[in-house]
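Just below is one structure, and these are the notes that go with it.
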Amino acid sequence: MANTYSQIYLHLVFAVRNRDALIPQIHREELYRYIGGILTRLGQKPIAIGGMPDHVHILFGMTPKMSPSDIARDIKSNSSGFIKTKGWVSAEFGWQEGFGVFSYSRSQLDRVVNYILTQEEHHKTKSFRQEYLSILKAFEVKFEEKYVFEFFE
């Protein structure tokens, strides 16, 4: 749309169904590149993608063409199909219902990129549950714990 300008940076977080560790290290970079391609095809700008065997963090520049919910739906649907097609896991693969999405200013991007790209180091001292709940609290998101991701720790 002409004369529409925006600067929106979002951090998207979602987990593997049942929090199973189904994203092996050997395939993560290929999966992250695929997710980056999904974002690009959607007209969004991938900045950093990282995670662990059971969850993914994505930082991207969002254009107002789509809602965050539509973007999350398309990423989860397409990446799930990609993982199944590749045959990387013997179990039925799927993402948990829901996601977290948080906004950042341009001045915070370096810190968020570093956080996303150092997930393995970060999770040596903090569980995904602790991490996710601390993000919700830091952003003052009201939530009921029974509706947050299923945690199997």
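Residue numbers run from 1 in the order of the sequence given.
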Minimum side-chain heavy-atom gap [X]-[Y] below 4.5 Å:
{"X": "F128", "Y": "V13", "value": "yes"}
{"X": "R111", "Y": "Y104", "value": "yes"}
{"X": "L42", "Y": "M66", "value": "yes"}

What is the distance from atom [atom1] of [X] to atom [atom2] of [Y], rounded to the nearest 0.5 Å?
{"X": "I35", "Y": "S79", "atom1": "CD1", "atom2": "OG", "result": "4.5 Å"}
{"X": "L12", "Y": "I116", "atom1": "CG", "atom2": "CD1", "result": "9.5 Å"}
{"X": "M62", "Y": "Q7", "atom1": "CE", "atom2": "CD", "result": "13.0 Å"}
{"X": "S69", "Y": "D74", "atom1": "OG", "atom2": "CG", "result": "11.0 Å"}
{"X": "T4", "Y": "K65", "atom1": "OG1", "atom2": "NZ", "result": "11.0 Å"}
{"X": "L59", "Y": "I49", "atom1": "CG", "atom2": "CD1", "result": "9.5 Å"}

Dump the intermediate steps for side chain to side chain contact (heavy atoms under 4.5 Å, CB included) on W88 and I23, then the final yes or no. CA-CA 8 Å; W88 288 344; I23 307 170; over 6 Å; no
For F93 and S80, run side chain to side chain contact (heavy atoms under 4.5 Å, CB included): C-alpha distance rounded to whole Å, both residues' side-chain angles, the deciding distance at 0.1 Å, then the answer. CA-CA 7 Å; F93 183 87; S80 178; 3.8 Å; yes
Looking at R28 and E120, is there a salt bridge between them, counting it only when a charged N and a carboxylate O are closer than 4.0 Å? yes
Check the pair K137, F143 against side chain to side chain contact (heavy atoms under 4.5 Å, CB included), reporting the backbone distance first and the verdict last. CA-CA 9 Å; K137 290 172 184 170; F143 65 93; 4.2 Å; yes
If two hydrophobic side chains count as joined below 4.5 Å and joins carry through other members, does V56 share a cluster with L22? yes
So if you build clusters from Ile, Leu, Val, Met, Phe, Trp, Tyr with side-chain heavy-atom gaps below 4.5 Å, do I83 and M52 land together? no
Decide side chain to side chain contact (heavy atoms under 4.5 Å, CB included) for H11 and I58; before the verdict, give the C-alpha distance in whole Å, the side-chain angles of both, and the deciding distance to 0.1 Å. CA-CA 6 Å; H11 175 195; I58 304 167; over 6 Å; no
Check [X] against [Y] and note the closest heavy-atom contact, atom names and distance.
{"X": "P46", "Y": "L39", "value": "CB-CD1, 3.9 Å"}
{"X": "G61", "Y": "I47", "value": "N-CD1, 3.7 Å"}
{"X": "F82", "Y": "E30", "value": "CZ-OE2, 3.7 Å"}
{"X": "V16", "Y": "P53", "value": "CG2-O, 3.9 Å"}
{"X": "T63", "Y": "S6", "value": "CA-OG, 4.4 Å"}
{"X": "T125", "Y": "Q130", "value": "O-OE1, 4.2 Å"}

Examine distances only and state if a side-chain atom of [X] and a backbone atom of [Y] form a donor-acceptor pair shorter than 3.5 Å.
{"X": "S134", "Y": "E131", "answer": "yes"}
{"X": "Y32", "Y": "G51", "answer": "yes"}
{"X": "N114", "Y": "D110", "answer": "no"}

Which of these, F99, W95, Y132, sits in a ring pair (Phe, Tyr, Trp, His ring centres under 6.0 Å) with F14? W95
Is it true that atom CZ of R41 has more than 12 heavy atoms of other residues, nucleotides or ligands lying nearer than 6.0 Å? yes
Just wondering, more than 12 heavy atoms not from E121 lying within 6.0 Å of its CD? no
Do you see a donor-acceptor pair shorter than 3.5 Å between the side chains of Q108 and S105? yes
Verify the ring-centre separation between F102 and F139: is it less than 6.0 angstrom? yes
Quick check, are the ring centers of H57 and Y115 under 6.0 angstrom apart? yes
How far apart are the C-alpha atoms of H55 and Q96, what are their side-chain angles, what is the distance that settles it, and do they pass the side chain to side chain donor-acceptor pair (under 3.5 Å) test? CA-CA 10 Å; H55 70 279; Q96 273 194 16; over 6 Å; no
